[in-house]
Amino acid sequence: MKMKIIELIASNILRINAIHLVPKSGVNEIKGLNGAGKSSLLDLIVLGFKGKKGAPAEPVTHGKKKGEIKWEKNKRKMMLDFLKSKPMS
């Protein structure tokens with residue numbers, strides 16, 4: 001089955017503070033300077049496909065309490081919320 005991302009909105013996930021992506025049809029190029037978040041965007045897309053079970057131990061951006069991913073793929077809308085875990089004492 002072909003998977004098509006129609007829209008992706010995320011905040012405070014991995015190293016991404018905020019992003020709103022609406023890919024054009026065909027191939028989309030992801031480019032930018034080192035540290036701009038290209039790899040984080042790809043990790044975010046993988047996380048969206050895998051869901052919370054594919055999340056790293058701390059998916060929320062450092063210094064933030066909550067992160068979220070909202071996206072539409074194949075005309076199906078999804079939302080994932082992540083809360084910062086409390087440190088163990």
Side-chain angles (χ1 to χ4, degrees):
M1 177 198 294
K2 213 180 213 184
M3 297 297 257
K4 180 178 180 181
I5 299 171
I6 297 167
E7 181 177 30
L8 171 68
I9 302 169
S11 61
N12 303 327
I13 296 291
L14 306 172
R15 296 186 63 182
I16 295 177
N17 290 324
I19 190 169
H20 184 182
L21 176 70
V22 180
K24 296 178 182 177
S25 63
V27 176
N28 288 261
E29 185 177 9
I30 300 170
K31 60 183 180 177
L33 299 173
N34 287 344
K38 300 176 298 292
S39 295
S40 292
L41 174 58
L42 294 174
D43 291 341
L44 179 68
I45 291 169
V46 170
L47 179 58
F49 278 107
K50 288 185 173 182
K52 289 189 177 185
K53 66 182 177 193
E58 288 295 336
V60 179
T61 302
H62 180 73
K64 305 293 182 181
K65 293 181 180 179
K66 179 182 175 186
E68 66 181 10
I69 302 172
K70 296 177 188 175
W71 76 338
E72 184 177 348
K73 64 180 181 181
N74 295 349
K75 299 181 181 178
R76 183 174 162 222
K77 294 185 179 187
M78 296 179 22
M79 183 168 162
L80 297 171
D81 284 323
F82 297 92
L83 297 176
K84 186 77 165 182
S85 63
K86 295 181 181 179
M88 304 281 272
S89 15

Under 3.5 Å, which donor-acceptor pairs do the side chains of residues 35-43 form with other protein atoms, sequence neighbours left out?
unit_1	atom_1	unit_2	atom_2	d
Lys38	NZ	Gly32	O	3.0
Lys38	NZ	Leu33	O	2.9

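- For Ile9, the side chain to side chain contact (heavy atoms under 4.5 Å, CB included) test picks out Glu7, His20, Lys70, with sequence neighbours left out.
- Here the straight-line distance linking atom CG of Leu80 with atom CD1 of Ile13 works out to 8.0 Å at 0.5 Å rounding.
- With rounding to the nearest 0.5 Å, the separation of CD1 in Ile16 from CG in Leu8 is 8.0 Å.
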Indicate every side-chain donor-acceptor pair of residues 50-57 with a distance under 3.5 Å to a residue at least two apart or in another chain.
unit_1	atom_1	unit_2	atom_2	d
Lys52	NZ	Asp81	O	2.6

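- The stretch residues 42-61 participates, sequence neighbours left out, in these ring pair (Phe, Tyr, Trp, His ring centres under 6.0 Å) pairs: Phe49-Trp71.
- Residues Val22 and Ile6 share a closest heavy-atom pair of CG1-O, 3.7 Å.
- Rounding to the nearest 0.5 angstrom, the gap separating the CD1 atom in Ile19 from the CG atom in Leu14 is 11.0 Å.
- Closest of all the heavy-atom pairs between Lys66 and Leu83 is CG-CD2, 4.0 Å.
- Residues passing the side chain to side chain contact (heavy atoms under 4.5 Å, CB included) test with Thr61 are Asn12, Asn17, Lys64, sequence neighbours excluded.
- The structure places CG of Leu44 at 9.0 Å from CG of Leu21, a figure rounded to the nearest 0.5 Å.
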